[in-house]
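Structure, as structure tokens:
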Amino acid sequence: MSSLSADDSYLNHYGFSHDPFAARVPGFKFFPAQRKPVLGQLHHLARYSQLLLVVTGPEGSGKTLVRQALVASSNKQAVQSVVISPSETLDSNILLQQIAQSIGCQRADFESIMAQIIQLALTGQEVYLLVDDAERLTGAAVETLLRLAQGSPEGRPHVFLFGEHALVARLEALVDGEERFHVIALQPYEQDETREYLAQRLEGAGSGLDCLKDEQVARIHDDSGGWPGAINQVARDELLETMQQSKGRRKSAGWNLPLPMKHLLALVVVVFIVLITLLMRDSDDSSTTPVTTALPLGEQPVAEALAAEGDSAPEVVSVQPAQPVIREPLAAAGSAESDDSSTQAIEAQAPVEELPDESIQAPEGVAAPVVVQPPAAQPNRVAEVPREPVRQGVAESPASPASWYAGQPKTHYLVQVLGTRTQANAEALVKAQGGDFRYFVKQHEGKPLYVVTYGSFSTRNAALEAIQKLPASLRAGKPWPRTFASVQQEIVQAR
């Protein structure tokens, strides 16, 4: 099922007008009571403090929403807000160019920008510099913002950085013990806030909280750690799993075909060919059995039946009746669609029922069997059948990170440590920690997100215990357990 059809099925099953747990839903705003003091603190410090202000939290913690609320609640008559949202690594020169363009400065150097900010201050205009995803700033860009925040007695901009907790360590290295910045760490939602958040998301999509049971709401809160971005993912997984279970129960009550429709149709074609062969044998007046026989290529019923499968007219191959017939292994024939990156050698034997589109050995007494080539066969030619069975194999290729995740049981858990837009950050963390640390790539808001994970655990409790043993620097990012099934789904969607 394609991603688009899966989304349609999901929306139709619940009657949603849109995906309630999409990363960006137009018009959706949820600002719980615990975040209002953070907003008030930012306004207070901007007015009375000369420190650079930092708001930290893991990916999906709501930092961007706090930034939006800060801009919206500022006095538009007295504050000029400059918002910078880097989509990739941002250096000092590009940073200064964006600031200069926003405040109407002709030159993009530090002194010219400071002079323009001082001039605005004389007219009663303050400048707010707000940087989203600040972990993407280079060291030089962070140092430039520290200098801007310090300003001069005549004026200075108010600088706000919104980023992951790792940004704090970089700032500490630059200030060398001086008090030049202040950190506000966002806190996860309480369970009541998670319930309220879920209700508002579902109501916006034309439904309600009755889509989820109380135990599901509690599980969503626990598995997400109370972070809104994780709540979206876990809640969507819960709804998809409930939908699949519902469809599974309906299917189990009905009648299922034992083979895929393609294989059934091919089996019908084979039976039809055998019947024609038998009829031709019965109508033969010769007293001796011919060594070979041929079915006319223009035999209309067979050609039409194979055309429905996207193949050309059947090929007739001369075969010695006493020789064994080699059947191509099903695994080898379908290796192009295999989820595994490596394929082991397989015995080249398979029942006719499983391989209706492979070579078929004629029943006893039939003059000559007919071979139906699979859709990917080479151009028609007469082929001799080997006398001995043949083993076929494909050399193994090194396992990729994605294949490791795909090979884990869907019901097992891992610990999601952090998500970052910069691949180098994920690689550096995995290299530094080693062991069972890995990362995979998903799509978030239409851009790659590199997610670092730890371990593989058979139960959620085991994953929670592992979190407590992580270094304090990683626990500060609020890692949380999640199933491999949800990760496997994200990796497939990212392809």
Side-chain angles (χ1 to χ4, degrees), residues 3 21-24 56-64 85-91 131-139 141-142 161-170 186 223-225 227-234 236-237 341 398-408 413-456 463 466-467 470-471 473-495:
S3 175
F21 299 112
R24 290 285 183 267
T56 66
E59 177 77 21
S61 58
K63 300 184 294 293
T64 298
S85 300
S87 58
E88 55 187 11
T89 302
L90 186 67
D91 64 17
V131 183
D132 255 341
D133 297 320
E135 65 275 0
R136 297 181 183 174
L137 297 170
T138 64
V142 174
L161 303 185
F162 300 83
E164 298 171 8
H165 188 73
L167 179 65
V168 176
R170 297 172 60 191
L186 297 181
D223 289 352
S224 66
W227 297 111
I231 290 173
N232 292 341
Q233 181 62 57
V234 177
R236 195 175 194 274
D237 290 345
S341 62
S400 65
S403 67
W404 182 86
Y405 287 100
Q408 299 301 308
Y413 287 79
L414 52 75
V415 174
Q416 178 162 320
V417 179
L418 61 85
T420 177
R421 295 289 188 189
T422 306
Q423 185 176 6
N425 289 347
E427 291 175 345
L429 178 59
V430 170
K431 183 177 180 181
Q433 297 296 331
D436 292 326
F437 284 81
R438 296 175 174 83
Y439 77 92
F440 68 92
V441 186
K442 61 177 279 188
Q443 288 294 316
H444 181 70
E445 300 176 10
K447 302 173 184 176
L449 181 68
Y450 303 91
V451 182
V452 178
T453 69
Y454 171 67
S456 175
I467 291 175
L470 291 175
S473 59
L474 296 182
R475 294 201 307 273
K478 304 294 183 182
W480 53 283
R482 57 184 300 193
T483 62
F484 274 93
S486 64
V487 171
Q488 292 163 359
Q489 181 183 12
E490 290 179 348
I491 292 175
V492 171
Q493 292 174 347
R495 290 175 179 171

Heavy-atom side-chain proximity of [X] to [Y] below 4.5 angstrom:
X: Gln443; Y: Pro448; value: yes
X: Glu59; Y: Gln416; value: no
X: Gln408; Y: Val487; value: no
X: Asp223; Y: Arg482; value: no
X: Tyr454; Y: Pro479; value: no
X: Lys442; Y: Gln493; value: no
X: Leu429; Y: Leu474; value: yes

Nearest 0.5 Å please: distance from the [atom1] atom of [X] over to the [atom2] atom of [Y].
X: Ile491; Y: Gln489; atom1: CD1; atom2: CD; value: 11.0 Å
X: Asp133; Y: Leu167; atom1: CG; atom2: CG; value: 11.0 Å
X: Gln433; Y: Leu470; atom1: CD; atom2: CG; value: 8.0 Å
X: Asp436; Y: Trp404; atom1: CG; atom2: CH2; value: 7.0 Å

Quick check: closest heavy atoms across [X] and [Y], and the distance to 0.1 Å?
X: Asp132; Y: Ser85; result: CB-OG, 3.7 Å
X: Leu186; Y: Ser61; result: CD1-O, 4.0 Å
X: Lys447; Y: Ser87; result: NZ-CB, 3.8 Å
X: Ala141; Y: Asp91; result: CB-C, 3.9 Å
X: Gly62; Y: Pro228; result: N-CG, 4.1 Å
X: Phe484; Y: Gly455; result: CZ-O, 3.8 Å

Next on the checklist: Testing the 3.5 Å rule here: is there a donor-acceptor pair between the side chains of Tyr450 and Glu427?
Outcome noted: no

Next on the checklist: Can you see whether Thr420 engages Tyr439 through a side-chain donor-acceptor pair at a distance of less than 3.5 angstrom?
Outcome noted: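 Thr420 vs Tyr439: no donor-acceptor pair found between side chains.
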
Item to check | Polar side-chain atom of Glu135 near backbone of Thr422 as donor-acceptor pair, under 3.5 Å | outcome: no

Checklist entry - Just by distance, do the side chain of Arg170 and the backbone of Leu137 share a donor-acceptor pair under 3.5 Å? => result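 Yes; at least one donor-acceptor contact below 3.5 Å.
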
Checklist entry - Once the angle between the rings of Phe440 and Tyr405 is folded into 0 to 90°, is it parallel (under 30°), tilted (30 to 60°) or perpendicular (over 60°)? => result perpendicular

